[in-house]
*Asks:* 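Dropping a structure here in structure tokens format, bear with me for questions.
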There are 2 protein chains.
Amino acid sequence: MAQPAALAQLVESLRRLPGVGVRSASRMAFHLLQHDPQGARTLAQALTEAVDRVQNCQRCHTFTEAPVCATCLDPKRDASLLCVVETPSDQSAMERTAAYRGLYYVLQGRISPLDGVGPGDIGVAGLMERVADGLVREVILATNFTGEGEATAHVLAQALKTRGLQVTRLARGVPAGSELEYVDLGTIAHALADRR
Amino acid sequence: MAQPAALAQLVESLRRLPGVGVRSASRMAFHLLQHDPQGARTLAQALTEAVDRVQNCQRCHTFTEAPVCATCLDPKRDASLLCVVETPSDQSAMERTAAYRGLYYVLQGRISPLDGVGPGDIGVAGLMERVADGLVREVILATNFTGEGEATAHVLAQALKTRGLQVTRLARGVPAGSELEYVDLGTIAHALADRR
């Protein structure tokens, strides 16, 4: 079949979504055209509006539609606590726990030598400026527990300690609900070392 | 986090895609905003253009940007063969085999009592009109081998046989590359009955 150009272009564009290969993209395109053209229009508009409106908060760099995000402006938040995460979606995960009432700083990156991102490229200077507000007492490093995230946390910790700030890291340990025999050995070793 | 409204709306719209739940939609939205805003714009445009431009072929009802699709207009196609499929994506699968050189008729549906689609709703009249062109000799029923597809094929076969047309059905049998011990018993039984 000589597939219509607009259909082929739609499949190609859908493939840019993470986790979507050519088969899923094709299924999505056929589904939208056949069963949900209104959904396609809604999605097109949502995409455009999100890209047009969503920007980075001037204080914490997370996604927001205002110059400064609602979290940064919330007077009920504990301004002495600052949680450093890699991405807005990491922040979203922290928020969903409902266990944290401090503020955030979103790095929008991490040290990754393979991608050419070195210690100088992750906005350490921006973070230093942010913590110099006279309110922050403790910085909680919540970068990922991957090689890149650990390296990022290490670099940030060194820089922050020169400011006399308390620097903490999320605890490593056995995930809730897991059975020991299925947990990887590195995790068990860390949980043993950090026992309380 | 009070998530920006435009971001929440994007996640909600992405969930309309088949196979995309709230977690995938969220991942897609964050990915587009953080790493690929240009991809989001391209996708928005592709969606709008596809919905605006793609229509159903007047002859075979598949997706096309012209009134009549390229396949129907192709003089190299064997006009004596007509393959009936349920959807444009089924037609696409047939085409990718490169084993068929006839024409198509896309039902854009199938008998499905649960969805309130009865024998009168699947365009039998349109198909009857299509096969009355004096060229079609054989109609190959390539509806799916599901309950609904089989019922559809049965109804179509009965209607087509009154016109003195040869009506065939795709062969049922053991899929290529499969091992007998893992093939379901109904398939083996069919393959045995239709042995050649």
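Naming convention: chains lettered A, B, ... in sequence-line order (proteins, then strands); numbering from 1 in each chain.
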*Asks:* Under a 4.5 Å heavy-atom cut-off, does chain B meet the side chain of R53(A), its backbone, both or neither?
*Replies:* side chain
*Asks:* Using 0.5 Å steps for rounding, measure from the CD atom of Q9(A) to the CG atom of L43(B).
*Replies:* 9.5 Å
*Asks:* Please state whether the side chain, the backbone, both or neither of L32(A) comes within less than 4.5 Å of a heavy atom of chain B.
*Replies:* side chain
*Asks:* Any chance you could measure M28(A), atom CE, to L47(B), atom CG, to the nearest 0.5 Å?
*Replies:* 11.0 Å
*Asks:* If you draw a 6.0 Å radius around CD in Q45(B), do more than 12 non-hydrogen atoms from other residues or ligands fall strictly inside?
*Replies:* no
*Asks:* Specify which of A5(A), S89(A), A40(A) makes the most heavy-atom pairs with chain B at under 4.5 Å.
*Replies:* S89(A)
*Asks:* Between I188(B) and F145(B), is there a shared hydrophobic cluster once you connect ILVMFWY residues whose side-chain heavy atoms come closer than 4.5 Å?
*Replies:* no
*Asks:* Out of curiosity, does L141(B) fall in the hydrophobic cluster containing I111(B) (side-chain heavy atoms, cut-off under 4.5 Å, transitive links)?
*Replies:* yes
*Asks:* Is V131(B) reachable from L107(B) through a run of I, L, V, M, F, W or Y residues, each pair having side-chain heavy atoms under 4.5 Å apart?
*Replies:* yes
*Asks:* Side chains of Q108(B) and Q34(A): donor-acceptor distance under 3.5 Å anywhere?
*Replies:* yes
*Asks:* Could you check whether atom CG of L192(B) has more than 12 heavy atoms from other residues, nucleotides or ligands sitting under 6.0 Å from it?
*Replies:* yes
*Asks:* Is the CZ atom of R169(B) crowded by more than 12 outside heavy atoms at less than 6.0 Å?
*Replies:* yes
*Asks:* Considering residues, nucleotides and ligands other than E138(A), do more than 12 of their heavy atoms fall under 6.0 Å from its CD?
*Replies:* yes
*Asks:* Under a 4.5 Å cutoff for heavy-atom pairs, which residue among A8(B), S13(B), P37(B) has the most contacts with chain A?
*Replies:* S13(B)
*Asks:* Considering residues, nucleotides and ligands other than H31(A), do more than 12 of their heavy atoms fall under 6.0 Å from its NE2?
*Replies:* yes
*Asks:* For chain A, which residues of residues 16-23 of chain B have at least one non-hydrogen atom nearer than 4.5 Å to it?
*Replies:* R16(B), L17(B), P18(B), G19(B), V20(B)
*Asks:* Same cluster or not: V106(A) versus L127(A), using hydrophobic residues (I, L, V, M, F, W, Y) connected whenever any side-chain heavy atoms lie under 4.5 Å apart?
*Replies:* no
*Asks:* Decide yes or no for F30(A) and T87(B): does some side-chain heavy atom of the first lie under 4.5 Å from some side-chain heavy atom of the second?
*Replies:* no
*Asks:* With heavy-atom distances below 4.5 Å as the criterion, would you say the side chains of V51(A) and R41(B) are in contact?
*Replies:* yes
*Asks:* State yes or no: do V124(B) and V167(B) share one hydrophobic cluster built from I, L, V, M, F, W and Y residues joined by side-chain heavy-atom distances below 4.5 Å, directly or via other members?
*Replies:* yes
*Asks:* What's the separation between atom CD in E49(B) and atom CG in L10(A), rounded to the nearest 0.5 Å?
*Replies:* 10.0 Å
*Asks:* How long is the span from the OG1 atom in T62(B) to the CD atom in Q3(A), to the nearest 0.5 Å?
*Replies:* 9.0 Å
*Asks:* Got a sec: does the CZ of R130(A) have more than 12 other heavy atoms crowding it under 6.0 Å?
*Replies:* yes
*Asks:* For chain B, which candidate among V54(A), T64(A), L33(A) shows the most heavy-atom pairs at distances under 4.5 Å?
*Replies:* L33(A)
